[in-house]
Amino acid sequence: MAEETLFSKIIRKEIPADIVYEDGIVTAFRDISAQAPTHILIIPNKVIPTVNDVTQEDEAVLGRLFTVAAKIAKDEGISESGYRLIINCNKDGGQEVSHFHMHILGGRPLGRMLAK
Ligand code: 5GP
């Protein structure tokens, strides 16, 4: 079984987080170090360390991340202005926490996708 990170503790409410959505499959909470007016992480409740560890079995979970992202964007009032979904993988991707997570960022113009 994949090793747990602090994100599993957030799901189990063993450490505090500003949870904006939760169900039996995914949990969403505000990033502790927000980089935009809206910066929320959506994570599968099951531990999937990185995109590299995704299997066919996870396809329903990954679909849920997107339907929840769309719901959160609407709730946050950024659906029309726009937003960015980011999933980092491993060192070069800038992944710091080894529990698959999708960032939702919005509420201001986000600029270029990558620094030149
Ligand atoms: P990564 O760099 O792995 O894609 O993103 C990890 C994110 O988790 C970072 O944006 C970081 O600010 C956020 N983060 C790390 N520790 C905590 C925490 O304890 N609580 C919350 N809410 N966010 C965290």
Side-chain angles (χ1 to χ4, degrees):
M1 200 157 112
E3 220 170 288
E4 289 195 344
T5 70
L6 77 158
F7 284 179
S8 291
K9 293 194 169 76
I10 287 176
I11 293 165
R12 291 198 297 265
K13 305 198 171 72
E14 290 167 11
I15 61 173
D18 186 356
I19 293 175
V20 298
Y21 179 89
E22 61 187 324
D23 62 28
I25 300 174
V26 302
T27 300
F29 51 94
R30 292 189 193 280
D31 196 293
I32 204 165
S33 175
Q35 293 178 48
T38 293
H39 187 173
I40 290 168
L41 303 174
I42 313 174
I43 68 178
N45 293 346
K46 114 179 220 201
V47 182
I48 302 171
T50 77
V51 173
N52 292 336
D53 302 297
V54 164
T55 68
Q56 243 180 334
E57 248 180 49
D58 300 319
E59 286 174 0
V61 178
L62 301 178
R64 180 65 61 91
L65 292 173
F66 280 94
T67 51
V68 170
K71 176 191 162 19
I72 289 172
K74 195 162 175 235
D75 292 348
E76 292 283 310
I78 58 172
S79 295
E80 297 308 316
S81 52
Y83 54 96
R84 186 171 293 158
L85 303 176
I86 298 177
I87 300 167
N88 295 321
C89 181
N90 281 342
K91 188 165 154 279
D92 281 1
Q95 184 176 5
E96 288 168 5
V97 180
S98 291
H99 184 131
F100 187 111
H101 48 281
M102 176 189 277
H103 297 253
I104 308 180
L105 292 144
R108 68 167 172 82
L110 296 170
R112 299 180 64 90
M113 191 168 70
L114 293 175
K116 265 201 163 175

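In this text the structure is predicted, and so the values were computed from the model without any measurement. Just so you know, ligand 1 is whichever comes first in the structure, and atom 1 is the first atom listed for that ligand.
With a 4.5 Å cut-off on side-chain heavy atoms, E3 and S98 do not count as touching.
Contacts of H101 with ligand 1, taken as heavy-atom pairs under 4.0 Å, involve the side chain alone.
Among all non-hydrogen protein atoms, the one lying nearest atom 22 (N) of ligand 1 is R30 O, 2.9 Å. Ranking protein heavy atoms by distance to atom 2 (O) of ligand 1, first place goes to G94 O, 2.8 Å.
At least one N or O atom of V97 sits closer than 3.5 Å to an N or O atom of ligand 1. Checked against a 3.5 angstrom limit, the closest N/O atoms of A17 and ligand 1 fall outside it. At a 3.5 angstrom cut-off on N or O pairs, D31 counts as close to ligand 1.
Residue-ligand proximity, F29 to ligand 1, at heavy-atom distances under 4.0 Å covers atoms 21 (C), 22 (N). Atoms of ligand 1 lying under 4.0 Å from at least one heavy atom of F7, given by number and element, are 8 (O). Atom numbering of ligand 1 starts at 1 in the shown order; those under 4.0 Å from a heavy atom of Q95 are 3 (O). Each of the following atoms of ligand 1 lies closer than 4.0 Å to a heavy atom of L6: 16 (N), 17 (C), 18 (C), 19 (O). Atoms of ligand 1 found under 4.0 Å from any heavy atom of E96 (numbered from 1 in listed order, with element): 1 (P), 2 (O), 3 (O). Shown in contact with S33 at under 4.0 Å from a heavy atom are these atoms of ligand 1, numbered in order with element: 12 (O).
Residue nearest to atom 8 (O) of ligand 1, selected from I87, I32, L41: L41 (by heavy-atom distance).
Ion pairing between a basic and an acidic side chain is recognised when a charged N comes within 4.0 Å of a carboxylate O; K74 and E80 show no such pairing. Between E96 and K91, none of the side-chain N atoms (NZ, or NE/NH1/NH2) sits under 4.0 Å from a carboxylate O, so this pair counts as no salt bridge.
Side-chain N or O atoms of Q95 include one that pairs as donor or acceptor with a backbone N or O of P49 at under 3.5 Å. At distances below 3.5 Å, at least one donor-acceptor pair connects side-chain atoms of N45 with backbone N or O atoms of G24. Under a 3.5 Å cut-off, the side chain of D58 and the backbone N or O of V61 do not form any donor-acceptor pair.
Side-chain polar atoms of T27 and E22 form no donor-acceptor pair below 3.5 angstrom.
In terms of hydrophobic clustering, with Ile, Leu, Val, Met, Phe, Trp and Tyr side chains grouped at heavy-atom distances under 4.5 Å, V20 and M102 are assigned to a common cluster.
A search for ring pair (Phe, Tyr, Trp, His ring centres under 6.0 Å) contacts involving H39 returns H103, not counting sequence neighbours.
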